[in-house]
Visitor: 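The structure's right below; bear with me while I get my questions together.
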Amino acid sequence: MKKFGLKGKLMLLAILPTLIITIVFGVATAIRMDNAMTSSYKTSLRTAACSVRNILQEIDDGTYHVEGDALWLGPTDLSYVNTVLDELYEQTQMYSTIIINDTRMLTSVKNNGERAVGTQIDPGIASKVMGGEEHLATGVVVGGKKCVVCYVPLYQPKTDEVIGAVFTGMNQSTMESQIRTTIISIIAIGIGIMALVIVFAIIFSSRLARVIIASQRVCLDLADGNFSREEVSMGTKRKDELGEMARGVNTVKLKVGEAIVGIRDNIDMLLKDADGLTKTATTTSDTMGDLSNAVTGIADGATSQAQEVTTAADHVSDILAKMEMVNQNVDSTEENTVEMTKASKSVIDSFSHLISDIESSISNLDVIVEKMEAVANAVNDVTVAADDINGIAEQTNLLSLNASIEAARAGEAGQGFAVVAGEIRQLADQSRQSSDKINQIMGNLKIETAEAVEMVRELNDIMDRQKASSSESRDSIEGLVENIEQTKNMVTDIKNSSDEVKNLCASLNDNVSNLSAISEENAASSQETAASVEQISNAVYEVSDMSDELKKLSNHLAELIDFFKI
């Protein structure tokens, strides 16, 4: 019904003005033709009357006079003129009469086969003609028939004296028949033109309707988010507004489809990066948990070591106070130095593992920074694509506005076109709203991603400082091991030479005091490292939460894009 309605409106738009113009033109032409032909016949009658009058005046230079029932011109009897008047009637279907005063003297008018000579004309006409005026009229009864007539004054030769009139007339039915024939011919021509206009209107409206309907179908598909159907193929080669509309619809379909495909690809990349970021954050969180446990163990070992060093200092004091028990305590001291060496080496190994884990964490944080920067770049790409969609929506809105203006100019026939323009405008508004929503989501995502990148970089700096601190602690422990080895050598010397025990114990007392200070500093550094690792672990948890939020936003954006079918 829509197709028929659109075609019908277009046909009506083309046919109705032509029909009205044809009717008005036909009526006006018929009226003007009737008046013109009537005037033409009157002119022909007047010309014929004047010609008869001129012919009579060329017969002789004498004067008109009546002798009996005959009309004479000078010495010439004009009775033979009746034959001339009959021939004029045969050739032109015009009656002719020579009137003297108000009486017909010579005529081709016959009543029942007899010439109507000796009869009088209408007194009013006679009075008018005898006054020197011409008289043209229709509907005058001559010989029992209505005629178109012309009376011209008849003058005496070479004078202005009116002695009668020359009459010419034509059967009015003959004239009307010729007028009707001419009008019918004109009407037939108008009907032929109307038929051609109808055929042209049918062809033209069918072509226009096919272009508009094809564009409407594509626009309805675009409104439903379906970009998988074929483009508008009808009317794309046209040079008029319909061709521009068809090409514009195809351009909108192509550009928006390409933008949606690009957005969908970027969303897939964003989802993959979000998944990778979540996995990396989870792995880093687990690693930081192990690192926290290791650092806690190191702190506990450092505290225990400080306590052991203090105990060793007390032992050295006892050695100085109780030299008599040196030999007994030397064996015990040697065993303690061996245990301290093992413990110190274990601490060194723990610090090596700690430094290795910190380096691994720094490497993972660098990967996280790269992933977050890739996410930021993808956000920028999505924002650019959304801006392209917004620009296309504005162009589509402008196109629909122009189409609405053209539809308004077309009046009632443009209502269907206005509906199409409205659908296009709604599609442009929906596209612009979706683009604005995408820009808003991408803007929030860009801010959160930037904050996450900054936080990860701060975490990386903390890990670098923690690595340096751990390296310093390991160096201190290695120095402690060397001191312990020296102590062990001193104990051996004591066993070999008891005479030198006091001096060696004094030196040992100084070394143990230094070792005690170092052990206390190591314990404090280990506690600070544990606190730093806990802060890093909390930051990693926040990165994991932000990656989950990023994944949710990506899934929501994917749901919005899934509305469009490519």
Side-chain angles (χ1 to χ4, degrees), residues 211-212 214-233 235-236 238-271 374-408 417-450 553-554 556-566:
V211 175
I212 295 173
S215 299
Q216 181 188 22
R217 290 176 179 172
V218 174
C219 291
L220 291 176
D221 290 338
L222 297 183
D224 293 335
N226 187 0
F227 288 76
S228 60
R229 296 192 180 181
E230 294 181 355
E231 298 179 346
V232 179
S233 59
T236 54
R238 296 176 66 96
K239 304 298 182 181
D240 55 7
E241 288 79 1
L242 286 179
E244 292 179 358
M245 181 187 71
R247 292 189 293 272
V249 171
N250 288 338
T251 301
V252 170
K253 180 179 181 297
L254 177 62
K255 295 297 183 181
V256 176
E258 290 176 353
I260 292 172
V261 170
I263 293 173
R264 183 171 291 171
D265 293 340
N266 289 326
I267 289 173
D268 293 338
M269 294 176 61
L270 187 61
L271 287 173
V375 170
N377 293 331
V379 169
N380 291 330
D381 293 338
V382 172
T383 303
V384 172
D387 292 336
D388 292 339
I389 294 174
N390 199 5
I392 294 171
E394 291 177 356
Q395 294 179 359
T396 306
N397 197 7
L398 181 59
L399 178 62
S400 66
L401 178 61
N402 292 333
S404 299
I405 294 173
E406 293 299 328
F417 194 34
V419 173
V420 175
E423 293 293 334
I424 294 174
R425 185 166 56 254
Q426 291 178 4
L427 175 60
D429 292 337
Q430 292 175 1
S431 298
R432 186 174 58 255
Q433 292 174 3
S434 299
S435 174
D436 293 339
K437 190 171 184 180
I438 291 172
N439 279 329
Q440 183 180 1
I441 294 173
M442 290 299 101
N444 295 333
L445 180 59
K446 186 175 181 180
I447 293 173
E448 293 178 356
T449 303
L553 292 174
S554 300
H556 179 65
L557 185 59
E559 291 176 358
L560 293 176
I561 293 299
D562 287 339
F563 172 76
F564 301 97
K565 302 175 183 64
I566 305 300

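Hydrogens, waters and symmetry mates are skipped; everything else that's a heavy atom, side chains included, is used.
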Visitor: Could you measure the distance from the CD atom of Glu394 to the CG atom of Asp429? Nearest 0.5 Å is fine.
Guide: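 So the gap between those two atoms works out to 11.0 Å.
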Visitor: Once you round to the nearest 0.5 Å, how far does CG of Asn439 lie from CG of Asn444?
Guide: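 Asn439 CG to Asn444 CG: 11.0 Å, rounded to 0.5 Å.
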Visitor: To the nearest 0.5 Å, how far apart are OG1 in Thr396 and CD1 in Ile392?
Guide: 7.0 Å
